K.L.:
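The structure that follows is given in the form of structure tokens.
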Protein chains: 2
Amino acid sequence: MPETDSLHTIGAQLRRARLAAELTQEQVAELAGISRPRYRDIETGAAAARATTLMNVARALGLEMMLIPQFLVPAVDALLSPEAGEDAPAFAPQPEPDDER
Amino acid sequence: MPETDSLHTIGAQLRRARLAAELTQEQVAELAGISRPRYRDIETGAAAARATTLMNVARALGLEMMLIPQFLVPAVDALLSPEAGEDAPAFAPQPEPDDER
DNA sequence: CGATATTGATCTGAAAACATATCATCATTC
DNA sequence: GAATGATGATATGTTTTCAGATCAATATCG
């Protein structure tokens with residue numbers, strides 16, 4: 001069970017959110033403060049991002065990274081399933097200046 | 001808002017889950033397949049883990065990493081609030097968030 | 001057709017996450 | 001007080017993420 005599966009799952013989720021928001025890879029990368037090639041690798045599952053990078057990318061797409069107790073995952077999935085694909089309502093791409101260096 | 005806040009938030013969450021499970025840092029590190037110093041840095045928020053590493057750590061603690069649409073975060077938080085986290089009965093006694101419909 | 005936009009891909013080099021080893025601190029317990 | 005166990009911390013070296021640049025493939029459109 002290579003963790004490449006997890007990477008592809010995350011990437012697919014990001015891609016769906018990105019297309020739903022009608023953003024290009026470059027725009028998401030810009031919002032998340034990373035380069036386009038890097039975002040491409042994350043979205044295609046070619047490479048793992050850092051936790052902080054993934055959080056920035058997720059927020060740029062109107063998503064939030066959360067740690068859920070495993071026994072509550074079904075309940076959360078139930079919350080997600082009905083309106084998972086809702087065309088994004090008020091989603092505010094904030095410039096989010098971050099990433100020290 | 002530096003992302004060190006995010007790291008501390010995640011770390012605190014991991015620590016709470018670890019103590020609830022009565023595991024040592026070394027045991028969690030072993031379960032997650034990383035070294036103890038590395039897990040310590042993650043738990044204390046001293047350093048960011050890779051997304052894959054964070055997922056392995058989370059699973060070792062009975063947690064699952066999920067990407068939640070931001071507008072659903074309050075609902076998920078409500079699910080988590082009662083007694084998030086430890087000795088898990090097969091299903092949670094949900095206090096029925098008196099949410100209208 | 002030619003121009004533009006989006007995405008896929010590769011290369012170089014720097015920065016950060018990793019392992020491993022070692023030592024310090026602070027409890028607890030004998 | 002000495003021994004044990006858990007945690008904090010530092011140092012060295014390897015691996016991987018990252019930026020930035022560049023080029024190719026595939027649309028889409030005037």
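Quick note on labels: first sequence line is chain A, next is B, and so on, each numbered from 1. Only a predicted model underlies this, so the values are computations on that prediction, with no experimental measurement involved.
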K.L.:
Which part of the nucleic acid, if any, lies within reach of A/Ala49 when heavy atoms closer than 4.0 Å are counted: base, sugar-phosphate only, or nothing?
P.N.:
sugar-phosphate
K.L.:
Examine A/Leu7 and A/Leu14 and state if one hydrophobic cluster contains both, with Ile, Leu, Val, Met, Phe, Trp and Tyr joined whenever side-chain heavy atoms are less than 4.5 Å apart.
P.N.:
no
K.L.:
Touch check for B/Ser35, heavy atoms < 4.0 angstrom, all strands: base, sugar-phosphate only, or nothing?
P.N.:
base
K.L.:
Using a cut-off of less than 4.0 Å, is there contact between a side-chain N or O of A/Arg15 and OP1 or OP2 of C/dT6?
P.N.:
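Result: no.
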K.L.:
Which one, C/dT7, D/dT10, D/dC18, comes nearest to the side chain of A/Arg18?
P.N.:
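Nearest listed nucleotide: C/dT7.
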K.L.:
When the nearest nucleotide of DNA chain C is assigned to A/Gln25 and to B/Thr52 on a heavy-atom basis, which residue is associated with the more 5' position?
P.N.:
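Comparing both residues, the 5'-ward one is A/Gln25.
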K.L.:
Taking only side-chain nitrogens and oxygens of B/Thr53, does any of them come within less than 4.0 Å of OP1 or OP2 of C/dA17?
P.N.:
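For C/dA17, OP1/OP2 do not have a side-chain N/O of B/Thr53 under 4.0 Å.
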K.L.:
Between C/dT22 and B/Arg36, is there an OP1 or OP2 to side-chain N/O distance shorter than 4.0 Å?
P.N.:
no
K.L.:
Of the options D/dT7, D/dC18, D/dG20, whose atoms approach the side-chain atoms of A/Arg38 most closely?
P.N.:
D/dC18
K.L.:
So does B/Arg50 get a side-chain nitrogen or oxygen closer than 4.0 Å to the phosphate oxygens (OP1/OP2) of C/dC18?
P.N.:
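B/Arg50 to C/dC18 OP1/OP2: side-chain N or O found under 4.0 Å.
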K.L.:
Taking B/Gln13 for its side chain and A/Leu67 for its backbone only, find out whether a donor-acceptor pair lies under 3.5 Å.
P.N.:
yes
K.L.:
For the side chain of B/Arg40, counting heavy atoms from C-beta on, which of C/dT7, C/dA9, D/dA9 is nearest?
P.N.:
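The listed nucleotide nearest to B/Arg40's side chain is D/dA9.
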K.L.:
Pick the closest DNA chain D nucleotide for A/Leu7 and for B/Asp41 by heavy atoms, then say which residue is nearer the 5' end.
P.N.:
B/Asp41
